[in-house]
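Below: the structure, in structure tokens.
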Protein chains: 2
Amino acid sequence: MAKFTIQDVARRAGVSVATIDRVLNHRPGVRAPTVAKVEAAIRELNYQPDRIAARLARAREYRFHFILPVSTSEFMTRIHAEVEEAAQRMSAERVAITVTNVDVFDGEALAAMLDAITAEQADGVALVALDHPAVREAINALTARGVAVVTLVSDVPGSKRLHYAGIDNSSAGRTAANLMGRFLRGLSGTVGLFAGSLALRDHIERQFGFEQVVAHEYPDLAVLPVRESRDDSARGEEMAAQLLKDHPDLIGIYNVGGGTPGIVAALEKAGRAKDIVFIAHEVTDASRRALIRGTIDAIINQDPGHEVRSAVRVLMAKADNAPVIAEQERIRIDIFMRDNLP
Amino acid sequence: MAKFTIQDVARRAGVSVATIDRVLNHRPGVRAPTVAKVEAAIRELNYQPDRIAARLARAREYRFHFILPVSTSEFMTRIHAEVEEAAQRMSAERVAITVTNVDVFDGEALAAMLDAITAEQADGVALVALDHPAVREAINALTARGVAVVTLVSDVPGSKRLHYAGIDNSSAGRTAANLMGRFLRGLSGTVGLFAGSLALRDHIERQFGFEQVVAHEYPDLAVLPVRESRDDSARGEEMAAQLLKDHPDLIGIYNVGGGTPGIVAALEKAGRAKDIVFIAHEVTDASRRALIRGTIDAIINQDPGHEVRSAVRVLMAKADNAPVIAEQERIRIDIFMRDNLP
DNA sequence: CTGAAAGCGCTTACAG
DNA sequence: CTGAAAGCGCTTACAG
């Protein structure tokens with residue numbers, strides 16, 4: 001099949017290339033009969049515009065805004081680093097990425113920040129969202145103003161965001177439960193549960209997914225009430241030490257949030273590293289070492305590099321009015337054991 | 001930092017843009033002092049060429065050849081489908097992908113096919129390789145002729161291929177062993193081992209990785225000698241049924257190759273689906289259903305879509321003389337359990 | 001509402 | 001060995 005250019009279409013439709021461009025990009029000011037003629041020509045030639053040429057001709061920068069929480073955890077630090085790397089890399093392709101930091105827990109502040117963005121300032125926004133009514137409203141308003149919005153890592157399900165670049169946290173929790181149940185085959189006892197904050201939707205969802213599966217499928221395991229570590233290692237260590245003291249029959253720990261190094265330390269200091277199954281989230285320098293040592297038994301992971309690249313790709317595709325490859329943008333729930341660590 | 005164009009560099013170096021282009025793309029015929037001047041100007045301006053413009057100007061098609069085994073397994077069928085999809089998608093970006101089928105086991109035929117390819121016909125070749133001396137030679141010769149070679153799914157480690165788009169199969173086998181050992185906690189018994197063919201390097205590597213870890217870390221498990229299913233379901237079913245009959249103490253099965261549906265059938269017919277831990281490779285319609293039913297306990301997977309897209313990206317980057325994002329091209333060893341299936 | 005022409009930032013023959 | 005000019009396939013003001 002030969003490749004046709006916009007010139008070929010223009011000739012066939014008996015109009016100029018400018019008009020072809022107008023109907024191709026849904027620009028206003030073309031009479032209906034002209035539109036029809038052009039569309040017929042496009043169809044007849046099975047014309048596909050050349051994206052490369054279009055991008056060169058537009059010669060304009062894509063401006064994307066990333067709104068990230070002040071990095072508290074090592075995971076968020078990785079997200080920041082990946083955004084910086086993408087910004088660096090994409091600058092050679094005329095993409096300008098700017099980053100703003102915001103307090104994770106302040107929905108009103110996040111909403112205000114979104115409200116201040118106009119279509120003149122940015123073509124797209126990616127944000128680590130907070131599931132809060134004001135944020136949902138702000139996302140919808142921003143979308144209505146013509147700015148593409150992608151949620152990153154943490155979603156706002158009811159909103160009109162274009163895309164969510166992150167994992168299904170409920171499935172992640174269920175996956176953790178199945179690993180826990182399998183690794184504790186034949187044993188009965190109690191399982192400790194840690195979360196960073198019960199105000200974060202992703203943590204809650206993991207917790208619920210985990211509890212649900214354990215309750216239904218592993219009746220020999222009793223899950224203790226969740227403890228809030230505030231994603232802090234020192235606090236995590238204290239709480240884990242206390243947990244070990246209070247529950248001699250403890251055989252498993254699942255941490256849906258941060259502070260994993262503290263829990264690792266508590267397990268190792270108590271000499272219980274090997275006999276307690278510990279499942280944590282996110283590969284970091286510390287967690288990977290603990291996994292290799294055997295203190296952590298499995299890590300559930302989402303790939304921050306993939307998430308950030310995916311957010312950028314989706315925003316670019318939207319700006320170019322081009323399709324995305326859905327399969328490529330699905331963020332995996334990775335399970336890492338010692339031998340398949342990246 | 002302002003964006004400079006090739007014009008800016010030309011002005012600065014006091015030469016024409018044609019000369020800048022020559023040194024930028026390492027074309028011959030520029031005197032050393034001129035090269036030096038141009039390089040200085042590039043450095044001083046921190047000039048980064050615009051890939052988009054370059055691709056448009058080249059106005060030439062990229063031609064990539066994919067050499068795939070006649071699809072015997074469902075996995076290979078997926079690889080074929082993904083290549084077709086990529087061909088379709090990339091045709092809008094001036095990339096012409098052609099596919100040739102070849103017999104997997106015939107190293108000489110594969111080598112002959114590679115030998116017939118010239119730099120005039122193709123910019124790059126991706127092949128599911130066979131670890132055979134003739135193939136290695138052919139890959140090296142092809143590379144020397146200026147054609148970029150990427151191995152896909154199955155590698156030829158000693159060769160000069162540009163890149164391998166696939167997983168580390170030895171790690172995959174070790175990962176399977178650890179899952180098996182963990183899932184069989186507290187039990188002792190025998191574990192059956194199936195491979196498609198012992199002539200395939202990936203199968204052997206998985207097998208060795210598995211045996212090694214079980215021997216070292218799970219002394220209560222005895223791995224039986226490997227059986228060759230030839231990736232055939234009917235044969236797999238027969239062999240699994242025989243295995244169940246011969247070994248009443250069988251508690252686990254690891255299948256490194258194809259033919260999984262046959263093994264699933266044997267387990268279910270024998271009523272042993274639930275009490276035998278079965279670990280298989282590759283998510284397919286059949287294996288995913290068996291995983292959900294609980295007959296399969298975990299699937300080790302490599303993502304064919306990712307592998308094919310990665311091969312294409314690496315070949316394109318080479319043709320454009322552009323960098324790749326290493327992290328993005330690493331193929332994961334996926335572990336799937338019921339809840340994190342894609 | 002429509003078109004002619006310049007331009008996006010490179011690469012490619014063709015001269016010299 | 002080096003340069004002037006045309007061209008890649010679109011988009012963008014500017015006229016009319």
Side-chain angles (χ1 to χ4, degrees), chain A residues 2-39 41-42 45-62 91-96 123 316 319-322, chain B residues 2-39 41-42 45-62 91-96 123 316 319-322:
Chain A
K3 291 246 45 168
F4 293 103
T5 71
I6 199 171
Q7 298 284 359
D8 300 318
V9 183
R11 210 160 318 151
R12 174 121 192 170
V15 298
S16 78
V17 295
T19 297
I20 306 296
D21 177 70
R22 288 186 184 100
V23 348
L24 227 38
N25 295 291
H26 309 103
R27 298 188 222 282
V30 185
R31 282 187 317 137
T34 312
V35 171
K37 269 196 302 186
V38 171
E39 282 176 342
I42 289 175
L45 297 182
N46 185 24
Y47 166 69
Q48 300 200 304
D50 185 325
R51 272 185 73 180
I52 303 289
R55 280 188 63 187
L56 178 60
R58 270 195 263 274
R60 80 167 165 77
E61 273 201 341
Y62 298 85
S91 76
E93 305 203 20
R94 293 211 193 86
V95 178
D123 301 296
M316 295 235 4
D320 281 348
N321 216 333
Chain B
K3 291 247 46 170
F4 292 104
T5 70
I6 200 171
Q7 297 284 359
D8 301 318
V9 183
R11 210 160 319 153
R12 175 122 192 169
V15 299
S16 78
V17 296
T19 297
I20 306 297
D21 176 69
R22 289 188 184 100
V23 348
L24 228 38
N25 295 292
H26 309 102
R27 298 188 221 283
V30 186
R31 284 187 315 137
T34 312
V35 172
K37 269 195 301 184
V38 171
E39 282 176 342
I42 290 174
L45 298 181
N46 184 26
Y47 166 68
Q48 301 201 304
D50 185 325
R51 273 185 73 181
I52 303 291
R55 282 188 62 188
L56 177 60
R58 270 195 263 273
R60 82 169 162 77
E61 272 201 342
Y62 299 85
S91 77
E93 307 204 19
R94 292 211 194 86
V95 177
D123 302 295
M316 295 234 5
D320 280 347
N321 215 332

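Lettering follows sequence order; numbering is per chain, from 1. Side chains included, hydrogens not; waters and symmetry mates left out as well; all remaining heavy atoms used.
Contact between the side-chain N/O atoms of A:Thr19 and the OP1/OP2 oxygens of C:dT2 is not found at any separation under 4.0 Å.
For a distance-only test at 3.5 Å, the side chain of A:Arg94 fails to qualify as a donor-acceptor partner of the base of C:dG9.
In this structure, of C:dG9, D:dC10, C:dC1, it is D:dC10 that holds the atom nearest to the side chain of A:Asp50. For B:Val30, counting side-chain heavy atoms from C-beta on, the closest listed nucleotide (D:dT2, D:dG9, C:dT2) is D:dT2. Comparing D:dC10, C:dT2, C:dG9 by their nearest atom to the side chain of A:Pro49 picks out D:dC10.
Stem regions annotated for DNA chain D: C:1-3 with D:14-16, C:5-12 with D:5-12, C:14-16 with D:1-3, counting only runs of 3 or more consecutive pairs of Watson-Crick or G-U type with both contacts under 3.5 Å.
Residue B:Arg51 is out of contact with every strand shown, counting any heavy-atom pair closer than 4.0 Å.
Listed by chain and residue number, nothing satisfies the side-chain hydrogen bond (donor to acceptor under 3.5 Å, both in side chains) test with B:Arg58 (two or more places apart in sequence, or in another chain). Every residue was checked against the salt bridge (charged side-chain N to carboxylate O under 4.0 Å, His left out) condition with A:Glu61, not counting sequence neighbours, and none meets it. A search for side chain to side chain contact (heavy atoms under 4.5 Å, CB included) contacts involving B:Ser91 returns A:Gln48, not counting sequence neighbours.
Of the residues in residues 11-18 of chain A, A:Ala18 come within less than 4.0 Å of DNA chain D through at least one heavy atom, sorted by number.
Residue pairs meeting the side-chain hydrogen bond (donor to acceptor under 3.5 Å, both in side chains) criterion with at least one partner in residues 26-38 of chain A, sequence neighbours excluded, are A:Asp21-A:Arg27.
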